[in-house]
Amino acid sequence: MSDYPFQSIEQKWQSFWETQKTFRTPENVDTSKPKYYVLDMFPYPSGIGLHVGHPLGYIATDIVSRYKRMKGFNVLHPMGFDAFGLPAEQFAVEHGVHPRVTTENNIDNMLRQLKAIGLSYDWDRKLATTDVDYYKWTQWIFLKLFNSYYDSDLDKARPIEELVTQFEGTHAGWSNLSETDREAILAEHRLAYLAEVPVNWCPQLGTVLANEEVTNEGRSERGNYPVFRRPLKQWMLRITSYSDRLADDLDGVDWPEPVKMMQRNWVGRSEGAHVDFPVNGLEGKLRVFTTRPDTLFGATYMVLAPEHEWVDAITTPEYQAEVKAYRKATSEKTDIDRMSDSKTKSGVFTGGYATNPVNGTQIPIWIADYVLAGYGTGAIMAVPAQDERDWAFAEVYDLPIIRTVQPTEGFDGKAFTGDGLAINSGFLNGLAIKEAKAKMIEWLEAEGHGQGTINYKLRDWLFSRQRYWGEPFPILRGEDGSVRAVEEKDLPVALPPMEDFRPTATDDPNAPPRPPLSRAPEEWRIVEIDGKRYERELNTMPQWAGSCWYYLRFIDNKNEVSFAQSEKENYWMGPNGVDLYIGGVEHAVLHLLYARFWHKVLFDLGYVSTIEPFGRLFNQGYIQAYAYRDERGIAVEATETVDQDGKPAMEVQDQPGRKFFYKGQPVTQEYGKMGKSLKNAVSPDEVNEKYGCDTLRLYEMYMGPLEASKPWNTRDIVGVNRFLRRVWRNFVDEESGAILVSDSEPTDAQLRILHKTIVRMTTDMERMSFNTAIAALIEFIAEFVAEDTIPRAVAEPFVLMLAPLAPHLAEELWQRMGHSESLAYAPWPVAEEKWLVEDTIKLVVQVNGKVRSTINVPTDASKEAILEASKSDENVARYLEGVSIQREIYVPGRLVNIVVG
RNA sequence: GCCGGGAUGGCGGAAUAGGUAGACGCAACGGACUUAAAAUCCGUUGAGCAAUUUGCUCGUGCGGGUUCGAGUCCCGCUCUCGGUACCA
């Protein structure tokens with residue numbers, strides 16, 4: 001009984017790697033060698049632990065790391081934990097334990113699970129965003145943001161002192177301004193600033209949320225609680241200064257196109273113009289933003305957002321009651337209500353009129369909730385003929401419509417948004433849209449009625465959270481309301497230990513926020529500097545702060561004088577940042593946009609050497625699984641569901657004609673992303689126990705392409721497990737345990753299959769096509785099942801190629817073959833050309849594109865000889881009788897096609 | 001609605017630059033070994049027709065097209081999975 005002893009092998013090598021520090025990347029590497037930085041999106045250490053979907057990407061990066069080491073690269077492959085934030089804190093609240101404790105427990109459990117998969121991380125670089133010596137630098141970066149401004153002439157961030165110097169020279173009376181006034185002016189420029197803004201307030205979480213953390217339904221992404229708009233003074237980050245660069249620099253990175261597109265959409269750059277409309281009876285002009293300045297002649301009314309600050313001034317007495325009622329109704333609507341009402345447009349007339357600057361027409365001013373206060377200027381010129389929303393509104397309230405673009409012939413729709421020539425548009429008539437826009441902008445600028453401009457959807461990043469489990473801001477507040485940064489030398493500002501860390505959750509959306517830190521002990525909260533009393537900022541940073549820059553800390557995680565030494569940063573990040581970054585597509589906007597923003601600030605200030613953090617991004621697919629719901633629609637445990645014959649559902653779920661039952665009750669089958677909500681999670685621990693982690697690794701990679709989502713099918717695991725057992729039996733005598741590798745010369749046929757396999761493996765590794773790589777190894781070993789021994793000259797390269805995929809078994813066989821060193825840094829096999837060429841090749845012979853025969857010809861046969869052989873083939877000749885040959889096509893090494901007529 | 005990805009046997013998937021569609025694995029069926037089972041090994045397995053073999057027709061979501069040749073390229077759809085949603 002020596003059937004593939006995976007348990008002892010895997011334990012042995014995992015402890016070997018750990019004690020030998022096999023995968024330790026030295027602090028000082030030989031920088032003449034090429035480097036490869038492979039990074040996973042680090043996980044939240046949740047309390048439930050991993051399911052088999054989580055390690056999919058980790059296994060892939062591990063294979064790449066191991067392969068690159070064998071190819072002679074210095075590899076940086078670290079792992080850490082994103083441990084601050086709502087999930088960790090909610091878990092702690094639910095279990096009544098301090099988040100520090102739950103976080104550490106969860107990290108320990110996850111570490112155990114990760115180590116049990118044999119991942120080759122350099123664990124000496126492990127970090128958690130909750131480590132004080134990590135978040136010290138998160139706070140340090142915040143200070144950089146606070147102490148910088150965006151110079152739009154140079155298009156880069158600069159230290160705020162340089163702006164002060166500039167103001168001292170140019171700003172009349174700067175030195176006469178009070179401290180408070182100067183600070184107020186600087187706050188308008190700082191990349192981190194306090195502002196009273198309408199925020200997404202989630203009373204049940206007791207905190208505000210960033211736009212990106214609110215779902216389409218107007219609920220919190222975390223916990224699915226209702227979110228309300230309300231104004232609050234909060235920390236903001238001026239990410240909007242980077243709008244263009246965040247969009248444009250995507251051109252230079254190797255990322256999946258859909259992710260680039262999502263980011264570009266999120267930035268939402270649109271080119272257009274501001275147009276200023278005089279309003280009857282008012283000073284000043286009402287400004288609108290439009291992307292269609294060419295349609296100005298068709299603007300038949302104006303619409304303001306109900307929240308627009310001019311509404312009261314514009315509204316005439318007889319309409320005041322109506323306007324007031326509409327504004328009140330709008331403000332009480334949640335986003336969900338606005339969504340559900342979006343089918344029919346509503347609004348009210350203010351009684352006011354504006355003058356269309358291009359033709360002097362008086363047009364009515366309305367307010368309507370289809371115009372958003374937060375985009376553009378919060379006011380639009382309505383051009384129903386060329387805008388579907390405006391058309392819908394005009395239809396409801398019977399407002400005039402003037403076409404200013406000639407619709408294409410036969411167009412019978414309402415608003416025409418396609419291209420066409422301008423009509424009813426004075427000096428624009430006859431121009432196509434593009435030219436008409438340019439000419440109108442020229443006119444607006446010349447006449448002083450507006451100018452060309454660019455608008456973005458992207459808003460500044462709301463950076464405060466009223467929670468305990470986050471990085472404290474390195475900020476002090478004076479009793480007079482002044483704001484003062486903590487000195488760099490006084491970092492870190494450690495989170496105070498607190499018994500009661502819970503947020504003040506409430507059902508009342510209007511209750512004031514009460515951050516947990518307001519209950520912190522006074523010795524933490526109150527700071528006295530030069531006799532002046534300050535209270536610490538009581539909000540904390542959002543979860544995304546810590547994950548914005550962790551890839552930089554891995555480079556030099558023990559450094560106490562800077563976040564990373566610049567020589568090391570230069571080596572590991574150059575020339576294009578992280579060489580391979582793998583994670584789920586769910587971070588397409590949030591994490592990746594925020595991290596890019598911070599990176600660009602650090603770049604501008606000279607702290608990092610690349611304009612982008614992640615040169616190559618790769619999204620692994622999801623692992624999906626069947627799930628079952630009972631009659632009430634509640635998900636039931638998939639593992640306890642059976643079919644009509646009592647067979648476990650997991651074994652027969654893809655077969656037709658099955659009915660499923662849970663505890664005797666009929667259930668319906670569906671299919672979705674593996675996870676706790678569908679109760680269809682499979683733990684890697686189960687697979688490890690039954691088959692070993694080499695099998696788990698192989699199966700996860702063998703399921704299909706890494707980027708595709710694919711179904712978990714427990715039944716299929718035996719396939720790759722059989723392969724590993726076959727390898728074991730082929731290398732190790734079942735009775736004696738002796739190694740079955742001989743020193744005899746391999747046959748030519750064996751060398752051919754070996755070198756063909758090397759070519760396949762190498763190309764598959766390079767393109768991360770691990771499923772086909774495994775298939776190549778299966779085919780290789782199938783050639784040897786009948787052999788008693790394998791010649792060393794083919795056995796060793798095979799084991800080396802197996803190593804990245806099934807490293808424990810490979811190490812064991814390598815050692816048994818007589819090697820005393822780990823194979824982790826052994827050179828990857830190289831194919832020899834002479835074993836790749838065959839004496840004869842098989843060619844397909846087609847007649848009129850249909851395969852009629854195959855012929856074997858010498859590799860060096862001439863085209864003439866090949867055509868001759870083709871035509872004389874019995875089954876081909878039948879098709880050539882009585883017809884004339886029109887054309888003869890010969891594709892070298894592939895096929896012959898004879899075209900007959 | 002708009003934007004993007006995808007659709008290949010009973011199932012997961014392969015086909016790298018337009019060149020034998022279905023590699024490899026699962027499941028299924030047949031056989032060998034075994035007292036038996038497990039494990040292992042060998043074989044069959046897209047559909048249909050014909051059949052002793054050599055064969056023939058159809059076939060990559062649907063309908064067209066380009067080409068000697070299309071899973072792959074082009075045009076028009078269907079379904080599906082993501083993203084986004086009054087962004088002027």
Side-chain angles (χ1 to χ4, degrees), chain A residues 3 216 256-262 264-266 268 270 272 288-292 295 303 338-339 341-343 345 368-372 374-383 386-390 392-393 455-458 585-586 588-589 621-622 624 651-656 671-673 699 702-705 707-713 715-720 722-723 725-726 729 734 760 763-764 766-767 769 771-772 774-779 782 785-786 842-854 874-875 878 886-889 891 893-900:
Chain A
D3 189 33
N216 294 341
E257 278 307 319
V259 175
K260 289 189 182 186
M261 188 201 67
M262 279 187 245
R264 286 198 191 97
N265 286 349
W266 197 264
S270 58
V288 304
F289 173 73
T290 177
T291 55
R292 294 294 302 275
T295 62
V303 186
R338 277 210 190 187
M339 295 276 300
D341 291 351
S342 67
K343 296 279 186 309
K345 298 262 181 293
D369 64 3
Y370 83 92
V371 173
L372 307 174
Y375 183 78
T377 62
I380 62 153
M381 60 179 218
V383 188
Q386 271 84 230
D387 185 288
E388 280 159 15
R389 295 153 304 182
D390 295 343
F393 191 80
N455 219 326
Y456 302 90
K457 271 200 284 188
L458 185 69
V585 72
E586 67 272 19
V589 173
Y622 295 122
Q624 298 172 298
E651 286 171 25
V652 296
Q653 54 204 2
D654 55 350
Q655 289 171 11
Y671 180 64
K673 188 180 166 188
Y699 175 62
Y702 195 60
M703 292 169 73
E707 68 274 18
S709 289
K710 53 237 157 183
W712 181 265
N713 201 338
R715 196 185 56 203
D716 288 351
I717 297 172
V718 297
V720 286
R722 278 177 197 154
F723 161 65
R725 296 213 319 254
R726 178 182 275 190
R729 277 197 318 276
E734 285 187 80
R760 287 174 67 182
T763 53
D764 284 351
E766 291 292 337
R767 65 191 178 117
S769 178
N771 54 334
T772 52
I774 294 164
L777 292 179
I778 293 174
E779 286 178 60
V785 278
K842 201 174 82 175
L843 285 180
V844 164
V845 184
Q846 300 180 332
V847 178
N848 282 355
K850 283 191 197 300
V851 180
R852 293 305 177 189
S853 187
T854 58
E874 202 184 334
N875 204 45
R878 292 198 290 139
Q886 308 285 322
R887 222 172 131 179
E888 290 168 336
I889 291 152
V891 184
R894 295 231 181 232
L895 55 64
V896 170
N897 187 12
I898 298 164
V899 184
V900 298

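The chains referred to below are lettered A, B, ... by the order of the sequence lines, with proteins before strands, and numbering in each begins at 1.
- Look at NZ on A/Lys260: it is 14 Å from P on B/G5, rounded to the nearest Å.
- When the P atom is compared between B/U16 and B/U72, the two are found 13 Å apart, to the nearest whole Å.
- With C1' as the reference atom, B/C2 and B/A85 are 8 Å apart, rounded to whole Å.
- Rounded to an integer number of Å, the gap from A/Tyr622 OH to B/G5 C1' is 13 Å.
- Summarising the geometry, the separation between OH on A/Tyr456 and C1' on B/A88 is reported as 17 Å, rounded to the nearest angstrom.
- For A/Ile778, the side-chain contact (heavy atoms from CB on, under 4.5 Å) criterion is met by A/Tyr702, A/Phe723, A/Ile774, not counting sequence neighbours.
- Pairing each heavy atom of A/Leu895 with each of A/Leu843, the nearest pair is N-CD2, 3.9 Å.
- Atom name P, nucleotides B/A37 and B/A21: the rounded distance is 42 Å, in whole Å.
- Contacts of A/Thr763 classified as side-chain hydrogen bond (donor to acceptor under 3.5 Å, both in side chains), with partners at least two apart in sequence or in another chain: none.
- Residue A/Arg887 has its side chain nearest to B/C68 when only B/G83, B/G10, B/C68 are considered.
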Full working for side chain to side chain contact (heavy atoms under 4.5 Å, CB included) between A/Met262 and A/Val585:
CA-CA 10 Å; A/Met262 279 187 245; A/Val585 72; 4.1 Å; yes
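- Within the 4.0 angstrom heavy-atom criterion, only backbone atoms of the sugar-phosphate kind lie near A/Pro705; the bases stay farther away.
- Among B/A88, B/G25, B/G83, the nucleotide with an atom closest to any side-chain atom of A/Asp716 is B/G25.
- Here A/Glu874 pairs with nothing under the side-chain contact (heavy atoms from CB on, under 4.5 Å) rule; sequence neighbours left out.
- If you measure from atom CG of A/Leu777 to atom C1' of B/G25, you get 14 Å, rounded to the nearest angstrom.
- When the salt bridge (Lys or Arg N to Asp or Glu O under 4.0 Å) test is applied to A/Asp390, no partner is found at least two apart in sequence or on another chain.
- One C1' atom belongs to B/G55, the other to B/U60, and the distance between them is 24 Å to the nearest Å.
- Among the atoms of the strands shown, only primed sugar atoms or phosphate atoms (P, OP1, OP2) are found under 4.0 Å from some heavy atom of A/Lys710.
- Going from atom CG of A/Asp369 over to atom P of B/A88 covers 17 Å, rounded to whole Å.
- Listed by chain and residue number, A/Asp764 satisfy the side-chain hydrogen bond (donor to acceptor under 3.5 Å, both in side chains) test with A/Arg767 (two or more places apart in sequence, or in another chain).
- In this view, A/Lys710 and A/Leu56, A/Met703 satisfy the side-chain contact (heavy atoms from CB on, under 4.5 Å) rule, not counting sequence neighbours.
- When the C1' atom is compared between B/C49 and B/U54, the two are found 16 Å apart, to the nearest whole Å.
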Treat primed atoms plus P, OP1 and OP2 as sugar-phosphate and everything else as base, then score nucleotides 39-52 of chain B 5' to 3': B for base contact with protein heavy atoms under 4.0 Å, S for sugar-phosphate contact only, - for none.
SSSS----------
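- Counting heavy atoms of neighbouring residues, nucleotides and ligands inside a 6.0 Å radius, atom CD of A/Glu888 exceeds 12 of them.
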Structure string for RNA chain B in dot-bracket form, Watson-Crick and G-U at under 3.5 Å, | interchain:
(((((((..(((......[....))).(((((.......))))).((((.....))))..(((((..]....))))))))))))....
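- Nearest nucleotide to the side chain of A/Lys850, out of B/C26, B/G12, B/U57: B/U57.
- A straight line from CZ of A/Arg715 to P of B/G12 spans 10 Å, rounded to a whole angstrom.
- In this structure, A/Arg726 has no side-chain hydrogen bond (donor to acceptor under 3.5 Å, both in side chains) partners at least two apart in sequence or on a different chain.
- Taking atom C1' in both B/G22 and B/G59, the straight-line distance is 11 Å, to the nearest Å.
- For A/Glu586, the side-chain hydrogen bond (donor to acceptor under 3.5 Å, both in side chains) partners two or more places apart in sequence, or in a different chain, are A/Tyr622.
- As a whole-Å value, the separation of A/Ile898 CD1 from B/G69 P is 15 Å.
- Among the heavy atoms of the strands lying under 4.0 Å from A/Arg878 are primed sugar atoms or P, OP1, OP2 only; no base atom is included.
- Sequence order on RNA chain B of the closest nucleotides to A/Val585 and A/Arg292 puts A/Val585 first from the 5' end.
- Taking all atoms of both residues into account, the shortest heavy-atom contact from A/Phe289 to A/Gly376 is CB-CA, 4.2 Å.
- At B/G82, none of the side-chain N or O atoms of A/Ser709 fall inside 4.0 Å of OP1 or OP2 (strictly under the cut-off).
- Straight-line distance between the P atoms of B/A15 and B/G71: roughly 16 Å, to the nearest whole Å.
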For nucleotides 16-24 of chain B, read 5' to 3', which letter fits each nucleotide if B means a protein heavy atom sits under 4.0 Å from the base, S means only the sugar-phosphate is that close, and - means neither?
B--BB--BB
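- Here, B/C29 and B/A47 have their P atoms 16 Å apart, quoted to the whole Å.
- When the side-chain contact (heavy atoms from CB on, under 4.5 Å) test is applied to A/Arg725, the partners found at least two apart in sequence or on another chain are A/Asp3, A/Tyr4, A/Asn721, A/Arg729.
- When rounded to the nearest whole Å, the span between CD of A/Glu707 and C1' of B/G4 equals 15 Å.
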